[in-house]
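To start, the structure itself, in structure tokens.
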Amino acid sequence: MPRSLVGGDLAGPDMAQPYMKKDDDDEEVEYSPFFGIEKGAVLQEARAFHDPQLDVRRCSQVITKLLYLLNQGETFTKVEATEVFFAVTKLFQSSDAGLRRLVYLMIKEVSTSSDEVIIVTSSLMKDMNSKTDMYRANAIRVLCRIIDGTLLTQIERYLKQAIVDKNPVVASAALVSGIHLAQANPEIVKRWSNEVQEAVQSRAPLVQFHGLALLHQIRQNDRLAVSKLVSSLTRGSVRSPLAQCLLIRYTSQVMRESSMNTQTGDRPFFDFLESSLRHKSEMVILEAARKITEMDVTSRELAPAITVLQLFLSSSKPVLRFAAVRTLNKVAMTRPLAVTNCNVDLESLMSDTNRSIATLAITTLLKTGNESSVDRLMKQITNFMSDIADEFKIVVVEAIRSLCLKFPLKYRSMLNFLSNSLREEGGFEYKKAIVDSIITLISEIPDAKEIGLLHLCEFIEDCEFTYLSSQILHFLGNEGPRTSDPSRYIRYIHNRVILENATVRASAVSTLAKFGALVDTLKPRIFVLLRRCLFDTEDEVRDRATLYLQTLGGEVAIGNNEKDVKDFLFGSLDVPLANLEASLRTYEPSEEPFDISLVSREVRSLPLQEKKAPGKKAPATAAAPAPVSAVDAYQKMLSSIPEFAGFGRLFKSSEPVELTEAETEYAVNVVKHIYDSYVVLQYNCTNTIEEQLLEDVTVCVDASDAEEFSEICSKPLASLPYSSTGQIFVAFEKPERVPAVGKFLNLLKFTVKEVDTSTGEADEDGVEDEYQLEEFEVVAADYMLRVPVSNFRNAWENMDPESERVDEYGLGVRESLAEAVSAVINILGMQPCEGTEVVPKNARSHSCLLSGVFIGDVKVLVRLSFGLSGPNEVAMKLAVRSDDPEISDKIHEIVASG
């Protein structure tokens with residue numbers, strides 16, 4: 001915006017006074033020059049644009065108001081926008097430079113249709129060829145913003161000339177416009193390569209910067225071309241610091257995509273990155289250091305980057321301190337030893353006036369500190385916490401949790417700090433982060449259990465969050481009975497029964513029952529407390545108290561022994577609630593009771609996938625997620641077919657596997673139905689040819705590569721009209737409860753009859769034909785249900801340790817740790833627990849927890865520990881527990897063969 005429109009020059013009879021301060025009872029009040037303006041009044045003022053004698057000052061004020069309204073989210077109707085647009089175009093007759101710039105801004109904001117664009121194009125093209133450089137640059141920007149591809153070809157010659165213009169403002173405007181145009185019209189912009197290359201050699205910093213950005217955008221899909229571009233420019237022809245930063249990014253991208261070994265051998269372009277650490281521009285140094293720290297380099301190669309970042313920690317400029325400490329914070333996540341030399345400088349930043357810098361410094365120190373410095377750090381952090389926002393506090397809490405796991409002997413000071421933080425003011429997310437951290441420390445550090453549980457009990461006395469109170473009570477019920485003095489927690493739990501809301505009271509009743517089940521000496525006291533709950537005003541509380549009293553007293557038969565009672569109280573529900581709800585909704589009252597064992601325990605979406613013909617709504621092979629209510633669909637369908645009725649209970653059905661490519665004549669996918677002794681292949685076929693009717697449709701399956709399978713029956717499809725989907729079934733027998741695997745080749749056979757599309761009638765005579773389908777495999781993962789557990793640690797400890805099998809594996813070279821984790825999960829087909837499938841960025845080690853049910857209804861739990869043992873070499877430790885030791889061995893066999 002021109003300077004004449006700022007401050008006092010804007011004042012006038014039509015506008016409020018510019019920003020000023022006025023003392024009023026010792027308070028300073030700010031007034032906006034736009035205060036109280038209304039769209040209707042401003043649109044009336046816009047009539048000034050039609051005056052024969054233009055008042056430049058007044059027109060500038062009105063456009064400024066209109067732009068303000070638009071930027072504040074005010075919307076103009078189509079009519080209003082059109083009227084304003086045409087009125088603004090009349091201002092081209094004025095030669096005032098400031099007004100002309102506002103006209104350009106307004107045209108960009110309100111041009112709404114191609115008709116309007118054509119009207120103003122001639123004026124803008126005239127300005128593109130003006131002798132005034134400011135007009136030329138702005139006209140280029142506006143034109144490229146409002147025109148479409150057809151009009152672009154008309155001004156392409158002018159744009160190419162502008163790219164190599166001697167005036168850097170004009171050249172830069174043309175290059176920036178090219179960057180925007182390349183998104184919608186890439187083929188046109190590609191023709192400008194020669195001019196853009198010339199701009200990259202310009203001595204003007206911004207022109208070189210924008211030229212490099214555009215040239216990379218033109219070549220970004222050609223990896224070799226990008227590599228050549230980077231190779232030529234890293235020899236020293238880039239002078240602009242901004243362009244140098246871009247080049248550093250492109251160089252690191254080329255290095256990453258080349259998949260070169262970053263720890264041995266001569267790496268391309270690394271010398272350029274290292275030399276950029278000695279650049280005279282601070283932004284270039286920071287960019288080079290940041291990219292080096294993100295690479296998998298040796299400690300010797302990382303050291304120069306750490307050194308320059310350490311120098312920036314003592315800079316007088318806050319932005320440099322922030323950038324340096326943030327980069328070091330990321331490095332400390334994966335390579336804390338590399339940052340330890342910066343600890344003294346980081347400690348000085350703990351008192352920085354910028355709270356963001358101080359928070360990053362503290363969290364970095366928590367990651368790099370040693371055991372002797374923990375107590376000193378905790379004292380410094382205590383004084384610091386009250387001055388920062390919750391979002392920063394959460395970061396500090398998570399860093400403290402990681403440090404405590406690193407130095408478990410220091411758990412007392414850290415638990416005390418977390419407990420004190422719970423008593424301070426804070427929002428739900430902050431308090432939840434603290435509670436989660438204390439629970440993690442109790443779970444991972446056995447010595448911290450009793451003091452940690454007491455801290456949680458003290459917190460729920462004054463906790464205002466229902467979710468956190470319930471979470472703590474649930475955890476207390478699992479851990480409290482296993483401490484040396486369980487009775488000390490009963491008072492806290494009983495207080496929740498008396499003083500809390502219904503949700504927390506119900507959780508407290510369940511927690512009391514768990515103490516009663518595990519601690520015999522407390523059982524009489526628990527009975528008294530539960531009987532009092534029978535008079536509660538809430539149904540849920542009374543029902544739970546009644547159930548637990550009868551269960552603990554032996555009046556309700558939960559199982560054959562005490563272990564069954566404990567499993568009932570402590571075990572997790574292995575049926576997904578969504579599946580249970582769906583089954584209950586479809587259950588029809590009858591003499592037979594509802595059988596929960598028939599509810600699918602897999603976390604997945606079913607069932608039949610259909611493919612519509614071209615022009616229809618739903619595409620064929622789209623395997624769209626089915627509603628959860630269809631969980632039992634396959635079971636009902638298969639049991640209704642006489643050939644399969646005697647196969648027993650269906651264990652699992654796979655997701656559809658596509659056997660044809662999209663947009664082919666016939667769309668076919670297969671669903672694998674797994675039984676204890678059988679596998680039924682369901683081929684879903686769709687006819688997408690309107691002129692054909694298919695009859696006697698069968699699938700010939702070659703199972704010669706699946707030796708343990710023997711075909712016992714098939715069920716062909718009698719007729720398959722256009723745009724309809726039908727099912728073909730082929731059943732195989734296999735050894736009982738054995739995870740047999742193998743490859744299946746498939747050939748679709750049918751009789752084709754021509755159809756008269758006008759009458760819909762088919763010819764009587766047909767021609768036999770066949771269609772080759774893709775092959776597929778039955779794999780080990782097909783015999784595993786993805787069944788989650790709500791508390792993995794509890795489930796693991798409750799499983800027989802004698803069933804545990806542990807071994808280590810080398811997974812070879814992998815793209816990343818995340819790719820290795822995903823591959824193992826897919827091989828086993830198990831459900832990740834507690835979010836452990838997510839691998840933090842740049843992590844060099846990771847633990848993953850998996851659960852599932854193997855064929856034969858055998859529960860399986862898996863602990864995976866991954867680590868990088870070399871340059872992208874991944875090693876894995878696999879620990880398995882299950883209800884059957886033979887299945888634990890089988891899981892190891894699956895991984896070894898996978």
Any salt bridge linking [X] with [Y]? Criterion: basic side-chain nitrogen under 4.0 Å from a carboxylate oxygen.
X: R505; Y: E540; value: no
X: K431; Y: E464; value: no
X: R793; Y: E444; value: no
X: D539; Y: R544; value: no

Could you check whether any side-chain heavy atom of [X] comes within less than 4.5 Å of a side-chain heavy atom of [Y], counting everything from C-beta outward?
X: K367; Y: N329; answer: yes
X: K449; Y: R482; answer: yes
X: L850; Y: Q831; answer: no
X: L650; Y: I674; answer: no
X: R525; Y: F515; answer: no

Considering all heavy atoms, the nearest F792-V789 contact |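 Scanning both residues, the minimum pair turns out to be CA-CG2, 3.8 Å.
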Is it the case that more than 12 heavy atoms not belonging to R542 sit under 6.0 Å from its CZ atom?
->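 Enclosed.
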Has R585 got more than 12 heavy atoms of other residues, nucleotides or ligands less than 6.0 Å from its CZ?
->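 No, CZ of R585 has 12 or fewer neighbouring heavy atoms, counting only those of other groups under 6.0 Å.
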Is it the case that the side chain of [X] and the backbone of [Y] share a donor-acceptor pair, with hydrogens and angles ignored and the cut-off at 3.5 Å?
X: S583; Y: L580; result: no
X: T483; Y: E479; result: no
X: S822; Y: E819; result: no

Look up atom CE in M333 and atom CG in L328, then write down how far apart they are to the nearest 0.5 Å.
->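 Going from the CE atom of M333 to the CG atom of L328 covers 11.5 Å.
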CD1 on I381 to NZ on K393, rounded to 0.5 Å |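 Here the rounded value is 13.5 Å.
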Side chain to side chain contact (heavy atoms under 4.5 Å, CB included) partner of L473, chosen from L512, V509, V504, L468 |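 Of L512, V509, V504, L468, side chain to side chain contact (heavy atoms under 4.5 Å, CB included) with L473 is met by V504 alone.
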List the steps and the verdict of side-chain contact (heavy atoms from CB on, under 4.5 Å) for L547 and T551.
-> CA-CA 6 Å; L547 174 63; T551 301; 3.8 Å; yes
